[in-house]
Amino acid sequence: MTNEDLIKLLGDKFGNKISGVNEPYGLLTIETTKDVIIGVLGYLKESAGTGFNYLTDITAVHYPERNHIAVVYHLHNMVDKIRIRVKVFIHEHTPTIPTATVLWNGANWMERETYDFFGVKFEGHPDLRRILNMDELDVHPMLKQYPLEDPNRVDKKDEYFGR
(Lines give C-alpha, C1' and ligand atoms only; values in the text may rest on other atoms or scores of the structure.)
Protein backbone atom coordinates (compact mmCIF):
# COMPACT_ATOMS: atom_id res chain seq x y z
CA MET A 1 0.00 0.00 0.00
CA THR A 2 1.30 3.42 -0.89
CA ASN A 3 0.81 6.63 1.05
CA GLU A 4 -1.51 7.87 -1.69
CA ASP A 5 -3.68 4.76 -1.29
CA LEU A 6 -3.82 5.30 2.46
CA ILE A 7 -4.74 8.97 2.07
CA LYS A 8 -7.52 8.02 -0.33
CA LEU A 9 -8.88 5.35 2.06
CA LEU A 10 -8.92 7.82 4.96
CA GLY A 11 -10.45 10.56 2.83
CA ASP A 12 -13.21 8.24 1.62
CA LYS A 13 -13.98 7.08 5.14
CA PHE A 14 -13.67 10.32 7.13
CA GLY A 15 -13.99 13.08 4.51
CA ASN A 16 -13.08 16.57 5.70
CA LYS A 17 -12.18 15.27 9.19
CA ILE A 18 -8.79 14.36 7.67
CA SER A 19 -6.66 17.42 6.95
CA GLY A 20 -3.08 18.68 7.04
CA VAL A 21 -1.79 15.77 4.98
CA ASN A 22 1.95 16.04 4.38
CA GLU A 23 5.16 14.01 4.55
CA PRO A 24 7.83 15.80 6.57
CA TYR A 25 11.06 13.81 6.41
CA GLY A 26 9.24 11.03 4.57
CA LEU A 27 6.80 10.28 7.40
CA LEU A 28 3.15 10.47 6.36
CA THR A 29 1.38 12.87 8.73
CA ILE A 30 -2.31 13.61 8.95
CA GLU A 31 -4.39 15.83 11.21
CA THR A 32 -7.85 15.02 12.49
CA THR A 33 -10.21 16.13 15.23
CA LYS A 34 -10.74 14.76 18.70
CA ASP A 35 -14.34 13.75 18.00
CA VAL A 36 -13.21 11.15 15.44
CA ILE A 37 -9.71 10.25 16.70
CA ILE A 38 -10.72 6.86 18.09
CA GLY A 39 -12.55 6.08 14.85
CA VAL A 40 -9.49 7.04 12.79
CA LEU A 41 -7.10 5.06 15.00
CA GLY A 42 -9.47 2.08 15.03
CA TYR A 43 -9.80 2.19 11.26
CA LEU A 44 -6.02 2.35 10.83
CA LYS A 45 -5.60 -0.59 13.21
CA GLU A 46 -8.43 -2.91 12.20
CA SER A 47 -9.19 -2.22 8.54
CA ALA A 48 -7.99 -4.95 6.19
CA GLY A 49 -6.43 -2.38 3.88
CA THR A 50 -4.37 -0.55 6.48
CA GLY A 51 -2.87 -2.88 9.12
CA PHE A 52 -1.39 -0.32 11.54
CA ASN A 53 -1.60 -2.70 14.47
CA TYR A 54 1.40 -1.37 16.42
CA LEU A 55 1.11 1.82 18.47
CA THR A 56 4.67 3.13 18.63
CA ASP A 57 4.13 6.26 20.70
CA ILE A 58 1.72 8.84 22.04
CA THR A 59 3.10 12.24 22.96
CA ALA A 60 2.22 15.91 22.72
CA VAL A 61 3.64 19.22 21.54
CA HIS A 62 2.71 22.56 23.07
CA TYR A 63 2.14 25.51 20.72
CA PRO A 64 1.64 28.44 23.13
CA GLU A 65 1.48 31.03 20.35
CA ARG A 66 -1.63 29.25 18.99
CA ASN A 67 -3.04 28.20 22.42
CA HIS A 68 -2.98 24.58 21.29
CA ILE A 69 -1.53 21.28 22.33
CA ALA A 70 -1.05 18.69 19.59
CA VAL A 71 -1.57 15.11 20.74
CA VAL A 72 0.57 12.98 18.43
CA TYR A 73 0.11 9.27 17.71
CA HIS A 74 2.74 7.22 15.84
CA LEU A 75 1.48 3.98 14.29
CA HIS A 76 3.42 1.27 12.48
CA ASN A 77 2.32 -1.28 9.90
CA MET A 78 5.06 -3.84 10.48
CA VAL A 79 4.06 -6.08 7.55
CA ASP A 80 4.29 -3.37 4.89
CA LYS A 81 6.95 -1.44 6.84
CA ILE A 82 5.15 1.89 6.76
CA ARG A 83 4.48 4.39 9.51
CA ILE A 84 1.99 7.18 10.00
CA ARG A 85 1.76 10.11 12.37
CA VAL A 86 -1.70 11.30 13.43
CA LYS A 87 -2.08 14.71 15.09
CA VAL A 88 -5.02 16.17 16.96
CA PHE A 89 -4.94 19.81 18.03
CA ILE A 90 -6.77 20.58 21.27
CA HIS A 91 -7.09 23.86 23.18
CA GLU A 92 -4.49 24.26 25.93
CA HIS A 93 -7.07 25.45 28.47
CA THR A 94 -9.32 22.39 27.97
CA PRO A 95 -6.82 19.64 27.10
CA THR A 96 -9.11 16.61 26.90
CA ILE A 97 -9.22 13.82 24.33
CA PRO A 98 -10.65 10.27 24.33
CA THR A 99 -8.35 7.48 25.48
CA ALA A 100 -6.77 5.05 23.03
CA THR A 101 -6.66 2.32 25.68
CA VAL A 102 -9.88 0.99 24.13
CA LEU A 103 -7.74 -0.01 21.13
CA TRP A 104 -4.29 -0.71 22.62
CA ASN A 105 -3.54 -1.70 26.20
CA GLY A 106 -0.05 -0.24 25.66
CA ALA A 107 -1.58 3.23 25.33
CA ASN A 108 -2.08 3.21 29.10
CA TRP A 109 1.43 4.24 30.12
CA MET A 110 1.96 6.48 27.08
CA GLU A 111 -1.15 8.46 27.97
CA ARG A 112 -0.11 8.66 31.61
CA GLU A 113 3.25 10.08 30.56
CA THR A 114 1.57 12.61 28.24
CA TYR A 115 -0.77 13.61 31.07
CA ASP A 116 2.15 13.90 33.48
CA PHE A 117 4.26 16.15 31.27
CA PHE A 118 1.64 18.09 29.26
CA GLY A 119 -1.56 17.91 31.33
CA VAL A 120 -3.61 16.24 28.59
CA LYS A 121 -6.58 14.45 30.18
CA PHE A 122 -7.51 11.24 28.38
CA GLU A 123 -11.24 10.72 28.91
CA GLY A 124 -12.07 7.15 29.88
CA HIS A 125 -8.51 6.24 30.85
CA PRO A 126 -8.56 3.48 33.51
CA ASP A 127 -5.86 4.98 35.76
CA LEU A 128 -4.87 8.51 34.73
CA ARG A 129 -2.29 9.68 37.26
CA ARG A 130 1.32 10.82 37.24
CA ILE A 131 3.84 8.23 36.19
CA LEU A 132 7.27 9.94 36.34
CA ASN A 133 6.93 13.16 38.33
CA MET A 134 6.01 13.56 41.98
CA ASP A 135 2.31 13.50 42.79
CA GLU A 136 2.73 16.84 44.61
CA LEU A 137 4.02 18.59 41.48
CA ASP A 138 1.35 21.12 40.55
CA VAL A 139 2.69 21.91 37.05
CA HIS A 140 3.21 20.02 33.82
CA PRO A 141 6.90 20.55 33.01
CA MET A 142 6.81 20.20 29.21
CA LEU A 143 4.35 23.05 28.71
CA LYS A 144 6.16 26.08 27.36
CA GLN A 145 4.97 28.33 30.17
CA TYR A 146 8.25 28.71 31.99
CA PRO A 147 11.51 30.53 31.14
CA LEU A 148 14.06 28.36 29.38
CA GLU A 149 16.83 29.36 31.78
CA ASP A 150 16.93 30.14 35.45
CA PRO A 151 17.25 33.95 35.72
CA ASN A 152 19.35 33.48 38.87
CA ARG A 153 22.14 31.54 37.17
CA VAL A 154 25.44 33.25 37.96
CA ASP A 155 27.51 31.46 35.33
CA LYS A 156 25.67 33.41 32.59
CA LYS A 157 26.28 36.92 33.98
CA ASP A 158 28.74 38.91 31.90
CA GLU A 159 30.15 40.90 34.80
CA TYR A 160 31.66 37.71 36.27
CA PHE A 161 33.67 37.18 33.09
CA GLY A 162 34.94 40.72 32.47
CA ARG A 163 32.53 41.36 29.62
Side-chain angles (χ1 to χ4, degrees), residues 1-133 139-145:
M1 170 184 302
T2 66
N3 287 350
E4 291 78 23
D5 295 337
L6 185 56
I7 293 166
K8 182 172 180 353
L9 281 173
L10 288 169
D12 291 346
K13 176 77 175 168
F14 296 99
N16 64 354
K17 294 289 186 172
I18 301 296
S19 63
V21 177
N22 59 26
E23 291 186 54
Y25 305 104
L27 178 58
L28 178 61
T29 302
I30 65 167
E31 294 175 15
T32 190
T33 59
K34 75 178 186 177
D35 59 321
V36 296
I37 184 60
I38 298 305
V40 170
L41 294 174
Y43 182 76
L44 288 169
K45 178 184 179 185
E46 297 163 356
S47 176
T50 56
F52 288 92
N53 60 351
Y54 185 67
L55 175 66
T56 306
D57 191 26
I58 301 173
T59 189
V61 180
H62 185 207
Y63 295 96
E65 67 282 354
R66 293 174 23 190
N67 293 327
H68 282 113
I69 295 174
V71 180
V72 183
Y73 301 84
H74 290 155
L75 307 177
H76 196 150
N77 176 330
M78 297 175 72
V79 174
D80 296 327
K81 298 182 178 121
I82 54 176
R83 297 179 306 146
I84 188 170
R85 177 188 301 137
V86 180
K87 291 183 178 181
V88 178
F89 287 91
I90 56 178
H91 198 278
E92 70 179 353
H93 298 300
T94 54
T96 60
I97 192 166
T99 182
T101 57
V102 296
L103 298 170
W104 291 280
N105 288 334
N108 189 319
W109 283 39
M110 296 177 204
E111 289 179 352
R112 284 180 62 188
E113 180 182 40
T114 304
Y115 164 72
D116 194 358
F117 284 109
F118 292 93
V120 176
K121 295 175 184 77
F122 293 89
E123 296 170 331
H125 190 281
D127 187 21
L128 192 61
R129 57 189 166 99
R130 291 194 180 270
I131 191 169
L132 295 170
N133 289 305
V139 298
H140 299 283
M142 294 299 286
L143 294 178
K144 297 175 184 172
Q145 299 170 332

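Computed from a prediction, not measured in an experiment: that's the story for all the values here. We number each residue from 1, following the sequence as shown.
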Side chain proximity check, Tyr54 to Met78, heavy atoms < 4.5 angstrom: yes
Glu113 to Leu132 - nearest heavy-atom pair and separation: OE2-CD1, 3.7 Å
Test log, rule side-chain contact (heavy atoms from CB on, under 4.5 Å), inputs Ile90 and Val88: CA-CA 6 Å; Ile90 56 178; Val88 178; 4.1 Å; yes
Side chains of Asp35 and Thr33, donor plus acceptor under 3.5 Å: yes
Nearest heavy-atom neighbours spanning Ala100 and Tyr73: CB-CE2, 4.3 Å
pair Thr59-Phe118: side-chain heavy atoms closer than 4.5 Å: yes
Leu9 CG to Glu4 CD distance, which is reported to the nearest 0.5 Å: 12.0 Å
Validation row: Val21, Leu10 side chains within 4.5 angstrom (heavy atoms): no
Over 12 foreign heavy atoms within 6.0 Å of CG, Asn105: no
Inter-residue atom distance Ile97.CD1 - Phe89.CZ, 0.5 Å rounding: 11.0 Å
4.5 Å side-chain heavy-atom contact, Lys121 and Glu111: no
Distance-only donor-acceptor check, side chains Arg85 and His74, under 3.5 Å: yes
Lys45 atom NZ: more than 12 heavy-atom contacts under 6.0 Å: yes
Spacing of CD1 belonging to Ile7 relative to CD1 belonging to Ile30, to within rounding of 0.5 Å: 8.5 Å
Whether His91 and His68 hold their rings parallel, tilted or perpendicular, with breakpoints at 30° and 60°: perpendicular
Spacing of Ile82 atom CD1 and Thr2 atom OG1 [to the nearest 0.5 Å]: 8.5 Å
Side-chain touch Ile69/Val120, heavy atoms, less than 4.5 angstrom: yes
Arg130 vs Arg112 side-chain heavy atoms within contact, under 4.5 Å: no
Aromatic ring proximity, centroids under 6.0 angstrom, His125 and Tyr115: no
For Leu75 against Thr56, the heavy-atom pair lying closest together: C-OG1, 4.2 Å
Thr99 and Thr101: side chain donor to acceptor below 3.5 Å: yes
Side chains of Arg83 and Asn77 in contact at under 4.5 Å (non-hydrogen atoms): no
Steps toward side-chain contact (heavy atoms from CB on, under 4.5 Å) verdict (Leu44, Val86): CA-CA 10 Å; Leu44 288 169; Val86 180; 3.9 Å; yes
Listed partners of Asp127 passing side chain to side chain donor-acceptor pair (under 3.5 Å), at least two apart: Arg129
Closest contact, heavy atoms only, Trp104 versus Asn53: NE1-O, 3.1 Å
Sidechain N-carboxylate O distance under 4.0 Å for Asp12, Lys8: yes
Ile84 vs Thr29, side-chain contact (heavy atoms from CB on, under 4.5 Å): CA-CA, chis, key distance, verdict: CA-CA 6 Å; Ile84 188 170; Thr29 302; over 6 Å; no
Lys87-Thr32 side chain donor-acceptor pair, cut-off 3.5 Å: no
CG on Asn108 to CZ on Phe122, rounded to 0.5 Å: 11.0 Å
Heavy-atom closest pair, residues Asp116 and Asn133: OD2-N, 2.8 Å
Validation row: Thr50, Phe52 side chains within 4.5 angstrom (heavy atoms): yes
Where Pro141 and Val139 come nearest, the two heavy atoms and their spacing: CD-O, 3.7 Å
CG-CG distance between Asn22 and Leu28, expressed to the nearest 0.5 angstrom: 8.0 Å
